[in-house]
Each structure stands twice: as C-alpha cells, then as structure tokens.
Amino acid sequence: MRPHPLPVLAALLLAGALAGCGTSGEPWNSPYPPGLAAEKVIFSAFAQRPKHLDPVRSYSSNEYTFIAQIYEPPLQYHYLLRPYRLVPLTAEALPEPRLLDARGRELPPGAPAEAVAWSVYEIRIRPGIRYAPHPAFARGPDGRYLYRGLSERDLEGVHTLADFPERGTRELVAADYVHQIKRLADPRLHSPIRGLMSEHIVGFAAFGRRLETLRREGQEPDLQALPLEGVEVTGRYSYRIRIRGKYPQFRYWLAMPFFAPMPPEAVAFYGQPGMAERNLTLDWYPVGTGPFMLVENNPNRRMVLERNPHFHEERYPAEGMPGDREAGLLADAGRRLPLVDRVIFSLEKESIPYWNKFLQGYYDASGISSDAFDQAVRVGPGGEVSLTEELRAKGVRLATAVAPSTYYMGFNMLDPVVGGLSERARKLRQAISIAVDYEEYIAIFANGRGIAAQGPIPPGIFGHREGRSGMNPYVYDWVEGRPRRKPIEEARRLLAEAGYPGGVDRTTGEPLTLHLDVTATGPDDKARLDWYRKQFRKLGIELVVRNTDYNRFQDKMRTGAAQIFLWGWNADYPDPENFLFLLYGPNGKVRHGGENAANYANPEFDRLFERMKAMEDGPERLALIDRMLAIARRDAPWVWGFHPKAFTLYHAWYRNARPHLMANNTLKYIRVEPEQRLAAQRAWNRPVLWPLGAGAALLLVVLFPAWRVYRRRLRTPFRDAA
Amino acid sequence: MLAYILRRLLYALPILVGVNLLTFVLFFVVNSPDDMARMQLGVKRVTPEAVEAWKRERGYHLPLLYNAEAEGLDRLTETIFFQKSVSLFAFEFGRSDAGSDIGYDIRQRMGPSLAVAVPVFVIGLAVNITFALLVVFFRATYVELWGMVLCVALMSISALFYIIAGQYLVGKVMRLVPISGFGEGLAAWKFVVLPVAVGVVSGIGSGVRWYRTLFLEELGKDYVRTARAKGLGEGAVLARHVLRNALIPILTGSVVLLPLLFMGSLILESFFGIPGLGSYTIDAINAQDFAIVRAMVFLGSVLYLVGLLLTDLSYTLVDPRVRLS
C-alpha cells in the first residue's frame, strides 16, 4: 500500500524546519533571530508598557529604563563611587549656586538659609554634542525642514517614525534646556513636578498662568519666544536658573530626565496635524543626545535601543571603590561609551517564563521572584546569602543592594484613637511598633530581602547611622552588639500605660479594635493580612482589615478616613530631605495634599526640617537630623517598617554590572561577551529528542489493540455495539 | 435573505447601545473620572489642578449621563456617555486615555492573536471531532471507557497547568521551541507551535465529550439504522451520515466563535508573550483606561452579533430544510 502523501509532506516540512533551526548554529529554542546573540547586544525584558516617554511626564522606573538612555540632563551620578555622587554629564562642571540676598548682593557659599533670597545656577554645557538622527532635523538642499507643514495627505501610509526616510541632526544648545524647563511649566503637559518647581523656580507658576491665558484668548503660545523670569539663555552653551531661597537639592533634579534638553524642532514636528493620531508623539518616539536611540517601539512585543551614531565622547570612569579593580569593574576604564550596539527589551509579562529564559541564557540579567527564590539563593544560618549549585555552575553572579526606599505602616495622626501627640496615643503607637515584628515579616514574606528600618532614612543616604547610635531606642535594645526588638511585655506595659491594659479600653471596658486600610488583591495578601492581625493580637488588640479597591483607598487617604495603612516611598534623589519631608507637617496629605500620608505634624520637627533642608551635608546637618529622628521615633507616626534589598543575577558574559539605585542611565557602561554567551546558550539548550520517540512508542503500544478492534469492526458491519 | 440580514443588523443597534450603556455604568460605578486622572498622572506629586486639567482636556469634566446645566438636546449630548459613545458606531475608537491610537493598537494586536487562535480553533475542531468519532466507533469497549476517563481528567486540569507544564516539558526540558516570545512573519511559527498545542490539548477533554454526545444522539436515529441495513460499514455510517447530520449543533457552537477569535486568549498570550488582543482589555481595566475598555467591549459585542448572524446563515448551507425569512 502506498503511503498517503499528506503525512509524508508534513513530516518532510517539519524535518526541514527543524533542520533549518540547526544549521544556523543557534539553539532551536532561541527566541531571537539567527545571528543576533553573536552581536554586541544586551537582552533584557519589560513587563509593562511604559506610559510616557516624554521627559516632561515620565516619573516611574519602567519609563526611566528607556528614556534615561536617550535623554541627557546636565548632570548624572558617578557609576562606581559610593555614596552616590553627582558628576557632570553634558555640563562642563557641577554648577555651584551663587547665593544672593534680598538686595541682590552675593553671599558666601555657607550663608544661612534665612539670609538667602535667591540661588542662581549658571550651567555651561559642552559644545559639540549632537542629537541622534531624527526626521525632525532633516533639511532639504535649500536648508528648509523636509517634514514641516505636512498635510494629512503627506502622512498617508505613515505609521511609524521609520516611515520618514530622511534624518538629520544638530548641535545641542543651551536653549534646548530652557525650552524643556518651559515645557515643565506648561499646564497642558501635566508634568508631575510642576507644582514642586512652582515653589522653587522664579516665575515658573506665572509662566504657566500666562500660557493658559494666551490659550484662552485663542492664541497658541511660542514657548521659545515667551520669557520665563527665572530661566534664561545666557549664551549658545550656557543658561541660568534662578531659585527662590536656598534649595541645595535642586542639583539632584538636574540629574533627572525632567531637565533634559528638548529641541523645539521635535515639538514642532510632532505637533503637526495627523501626527498624534498615528502615535507619532514625544510620548512614543523620544529625541535625545544620549548613548542610545529608540529605533523600534512596539510595546506589545519589543522595544529596541540602538547606539546613537552621533554620541559625544564619554569614557568609562577610571575611579572606583576599593575592590572594584579586583572585581573587574575598572577593566574598561577610559574606553569610549557605550560598550554595546543594541539593547533589546522583549515583553515578558509573567515571571516564570522570564526566569526560565534567564536560566537558558536568553536574558542577560534577572531579578529573583519569590517563586524562583529557592532555586536561586541559599540563605545560611547567619543570614548570609549565596547562590545555589546550579547557578554557580552556570557562572551566574549575585549582586545585592539596599534600595533607597522605605515601606512602612502609617498611623493617621488625625485619627482620634491612634493619632495626635498626646502621651496616651504616643504610647499606644510605640506599643504597636514593638509588637509588629518586621524582622519576622522580612523573613517570611521577603525571603530575607530587606533590613528592618530604624527610622525613615535608608542606608546609603546621608543621615542614616549604623550601629547603636542609629538604633530606634523605643523599639529596640542594644544587646550583644546589635539591636534586638524589645520583648512583648514592654509593649504590653506601654499599652497599659496608654489606658488599654490587655487590649481593653480602661474607660469603656470595651476591647480595643483598630482598622487597617489596605488594597489587597492577590491570594498572597491573605497570608500577609493574617500576619498583621497576629501581630496586633499579641497585645490583645483586634485588628479589623478594611480591604477596598485602589480608588477607594486613595480616597480614604486623601480625606483622612483611614486609620492605619501600609505605604512606601522610593527616593527621587539621595538626600535625607527626600525622606524627612514625608513627615513635615505642611506637607500633610489631608490638609495640604502633600506626600505626608500620616498627616504627622510636630512643630519642633517642622522647625528643624526647615533648617535642615537647606543645609549642606556636614556635622551640623547630621546633628539636626539626629534630633529630628529622635522626635519622630518618640512620636512613632509610622511603624518604621523595612528597607527592601534588591537581588540581581548576572550571567558571566554580562560585564561591569553594578547595582546603582539612583542612576538609570547605566546601560552605556555594560559590556557583553557575545562569543561566551553564544557558547553557553548552545551548551545549555541542546534539544532532547528521546521523549518524542518514547511518546510515539507508547502511543503505538496503546493504539495497537485499538487498531485490531477497528479492523474487526470494519469487517462486521451490522453489529450494534450499543 | 438580504432582508433578513438587514433586519438582523437593525436589531443589533439597540443591543449595542444597551451593551455600551451597561459598560459605561459598570465602569463608572467603580471608577470616577478623578480616579482615572490620578491613575494616568501617577501617584507621586499629583496636584488637584493637574487632575482637573486632565479631565477637562479629555472631556471627563462633563456630567456622566445627564447635563442639568445645558439647554435642550445638549442636556443629553453634553455628557461623557454621549461624547464618548457616538464615534464608536462609526468604528472610530479614537485615542486611549494614555494617548495611544486604539485603532492602530487593535490592528497591530489582531494578527498575533489570530496566529494562535485560528490554528487552535481549526486543529482543535478537527482533533476533537476525530477523537469523538473514534470514541463513538469504539463504544462499549475499553477504549471508550478510558477515553472518557482521560477526557474527564483533561477537563479537570486548569489551563494554567497545561501552559506551565508545556513550557517546562517542551521549552525547558526538551528545548525544542522558545518558552515565550513572538517573531515577524513566518519566523513566528516556532513561537506559535507550543501555545497552539497547549490550546488544543487543553480543549480536548470538553470538546471530545461534547461531540461524542452529539454523535451518540444521532446514532439512535432511524436513518442510521437504514444505512446499516443497506450494508454500510460502521466507519462509513459515522463519517458519511452521522457526522453530516450532527453538523447543525457543531456549527451552532463553532461559527459563533469565529469572530471572537480576533479577541485572543488572555492567559495563553500573557504566558507565551504573544503580543495579541487577549490582554489588551484586562490591561486597560487595570489602568482604568475607559477609552480602551469601551472600544473593546463594543468590538466584542459587534463580533458576537456577527457570529450569531453567521451561525444562522450557515444553517442554510448545511441543512436545505432551513430557510431564513
């Protein structure tokens, strides 16, 4: 009998396809096109589509992952030195503010904040820096922009930026920086820092109001032509920013993409009719001077950064911390950046496939999800962490760093039971602070990835103290050279002094019931909330969890209807002011719409904060911070919670990796060894075919008797089996 | 026939308006325009003025359903419901609240969704019908008994398990295809094989049981006895007579699904990194992006109505007794 042609054809096609996989030398299960792994490419992933790529709006880490490689503010953080240090990026030098009094007379650099009326930042940028190629700069032979004054008809068939064949560039000038600051002030662009900068930059709020007025009158304002009082171009390569009073933290803002340059050509290009309808906006296609440019933006699938051919000269740093040379982190010192040609970010929504692809060598670096923690890390009896045998055999390296973040349990200080500065409420909060055992929380829910907080300021930020002097004496005792949580009896004693012996209100005789407001969604949250209930039960307090959706929870926080809540903060910049302002009274959420979610207000703390925020780091500032922390620890508006620890894994071919939790523009320092990667991918991904054969054999064994029955039945047509 | 189609299309209009109204009410019971603004503007340093400005620019400052301050017909038209719904009927989805072009997004995501959903549908249908015919063929033997035990077992396992087990076995242990991802054009085949296989296998349990029931019902009818009496073999009876007569219920269940293939599969696409439409609506609900939610619900309703219409039309093709009037 002749075999049927269809199965034979299918088998041939399959064999051909599989053979096709094998001939390129790439493993069959490689998710990348053939040859790509052999290039100087970083393979990374993203889980969520970035909402905004316009530096005027971007404010979250998943957006900075992209735009920090593309846009260049005047300053950046040194890649290797710790504590975090600012260095010039496009600026020629770090700007030192000139301090002026109310009459405009210059004051010495250390002048007290109350004497300073204005701080003036003169920023000089380096000449010769050029933008990455972009159609907005493309000009014809007559010098006119090619893609200006486009009509709907011209845009037919245009879907992406790649559909504009011509590209151009131009030199970066100071006016581009000033243009961007004006954009920050534009109410229509919704910059998250517009409110904050209105308090600091002279004329910022007035400029925004002027734009609104003009628009109401039907005019579209020209940002370049309209003057902003506190910001001016002083030369082709220099500009000046005038700040109200003394605000030393302003220099950190100059290292964030908010203050990156924005060429007016790009705004004019994207502002043409029909562009926005085609997703041709600054939120989709950035224009910068950085080491990379976004050449593919398909947030449903992948985003690709490619080396900017016009990138200015920047070299890998030659100075590092002790041990950096031995760790190979200075091997590329003095080499021109960036060290790779492309970065490919693939959409990977789920952690399990991400982790498995990392193990197969298809992603160069990975965090560690809770599911994969035991596969990756062993925690020793003393809390020391090491990699598992499997990962060590693959040459994977582990880097850990405490994040400049804090997660805490807050008390609403406006609440009649847990809030207020009375001795009763204070002791109640202190008792709860002892009872909620965050060391246990970190061990159970964070796989040990975190350190219990002694106050709001995380390690690595000025004002954080190690050892006994940094301990919170209201929650811990210093025992055998380390802080140890006070015994629960101490908490019960405080609770009794507060008027709730055994968790019963002495005046009413009713058991004390408190409310925790949360937005819990997943099944993991149940265990977490049970744990919180258990902590309060140690004191005899009944904790009622009020679980609501995100919107209602935010409402409760804004109106002050929450009693106890869980909250967190990621630093904008490495300065204690960025944490202590979370406890500053005039920053209270309910009364002032600020970030002080606990609505804590202690006049002494506020007075010290106002002095501390304008000071330079030094012993005097440290002493003030110590006093502020002492006040806050005693008042206990938060149970101080913990500072999370980031664990990152790198493959052996991924070089120069060092966690930097403030800077985002770090991809330019990374080097990869493509041959090593390809060899590892081949070795780790040899196809295993025997299960296919075994499965087929099993199927035959099972089907053979069935086949016999089938043949028999075909021969006995009239038998009704039923 | 044409009159019938036109009438059905006209019936669809009030249904679509109703679905739109229901989506609108449900969405705004949970989310207020303020919440949406806050979600879009981020959680850090958002001022009440920024929230107000955001709403004004996108038209969310208007009343939801009835504008008491307006005059005449404007009371109904100067509302969020009217302003945001009318353009849908012209299939103009506009821009999402985050700023992207919804029509473009849908077009981009439709292809990958279809690349998985169509093979899962076609192969799944063929496999399920074939297995069901075999089970019926072997009725009252150990093949049927164990086949049904296997089907119940397959039905009882969660779809998530098939995905993770498939990725583990085929992607990680055997290393035959990528664990997740997607490629351009024909290069996408190796990314699609595993999700299609998982999609087909996860549907076998319920599919085979359903078609088996249909075929068994047909087997008891007179025409089968007649066919057997004429001397036809059991295979020929099943393939030529039973299968053909069971087509009406098969079509009822299948054709209505055809247009919905565009909508993709949420879990499958999410785990395999397929850039399809499956997760588009869920992502939009999480991001409180009403523009996308209403567009997708509208599209889903339209496709479902088209599916029902196609089902009715297909009856006339397979059963000459059915006439549409």
- Let me know if A/A276 has heavy atoms under 4.5 Å from chain B in its side chain, its backbone, both or neither. both
- Name the region of B/I164, side chain, backbone, both or neither, that has any atom closer than 4.5 Å to a heavy atom of chain A. side chain
- For A/R591, check salt bridge (Lys or Arg N to Asp or Glu O under 4.0 Å) against everything at least two apart and list the hits. none
- Message: Given 3.5 Å as the limit, does a donor-acceptor pair link the side chain of A/S30 with the main chain of A/P27, or not?
- Response: no
- Checking heavy atoms, do the side chain of B/A187, its backbone, both or neither come under 4.5 Å from chain A? neither
- Task: Determine the option with the most heavy-atom pairs under 4.5 angstrom with chain A, choosing from B/G183, B/P112, B/G220, B/G276.
- Result: B/G183
- Message: So for B/V177, is it side chain, backbone, both, or neither that comes closer than 4.5 Å to the heavy atoms of chain A?
- Response: backbone
- Using a cut-off of under 4.5 Å on heavy-atom pairs, state which of B/E184, B/M36, B/R56 scores highest against chain A. B/E184
- Query: Side chain, backbone, both or neither: which part of B/V173 has a non-hydrogen atom closer than 4.5 Å to chain A?
  - Reply: backbone
- Message: Is it the case that the ring center of B/F290 lies less than 6.0 angstrom away from the ring center of B/F28?
- Response: yes
- Query: Can you say whether B/F182 sits under 4.5 Å from chain A via the side chain, the backbone, both, or neither, judging by heavy atoms?
  - Reply: both
- Message: Please rank A/R57, A/R558, A/H159, A/R194 by heavy-atom pairs under 4.5 Å with chain B and give me the top one.
- Response: A/R558
- Item | Ion pair check, A/R215 and A/E212, cut-off under 4.0 Å | no
- Do you know which of A/H190, A/E277, A/K349, A/R278 has the most heavy-atom pairs with chain B at a distance under 4.5 angstrom? A/H190
- Mind listing the closest non-hydrogen atom pair of A/L184 and A/F204 along with its distance? C-CZ, 3.6 Å
- Query: Which bit of B/D34 comes within less than 4.5 Å of chain A, counting heavy atoms only: side chain, backbone, both or neither?
  - Reply: neither
- Message: So which residue, A/Y362, A/W569, A/Y32, ends up with the most heavy-atom pairs under 4.5 Å with chain B?
- Response: A/W569
- Task: Considering non-hydrogen atoms only, spot the tightest contact between A/V56 and A/F258 and give its length.
- Result: O-CE2, 3.7 Å
- Query: Under a 4.5 Å heavy-atom cut-off, does chain B meet the side chain of A/T281, its backbone, both or neither?
  - Reply: side chain
- Task: Heavy-atom pairs under 4.5 Å with chain A are the metric here; pick the option from B/F271, B/Y104, B/Y168 that has the most.
- Result: B/F271
- Query: So which of A/D572, A/N570, A/L692, A/L347 has the largest heavy-atom pair count under 4.5 angstrom toward chain B?
  - Reply: A/D572
- Task: Select, from A/P687, A/P33, A/P353, A/S60, the one with the greatest count of heavy-atom pairs under 4.5 Å involving chain B.
- Result: A/P353
- Message: Using a strict threshold of under 4.0 Å (side-chain N to carboxylate O), is an ion pair present between B/R228 and B/E234?
- Response: yes
- Kindly compute the distance separating CH2 (A/W355) from CD1 (B/I179), expressed to the nearest 0.5 Å. 12.0 Å
- Only counting residues at least two apart or in another chain, list the ones meeting side chain to side chain donor-acceptor pair (under 3.5 Å) with A/Y363. A/E348
- Item | For B/L133 against B/L238, the heavy-atom pair lying closest together | O-CD1, 3.8 Å
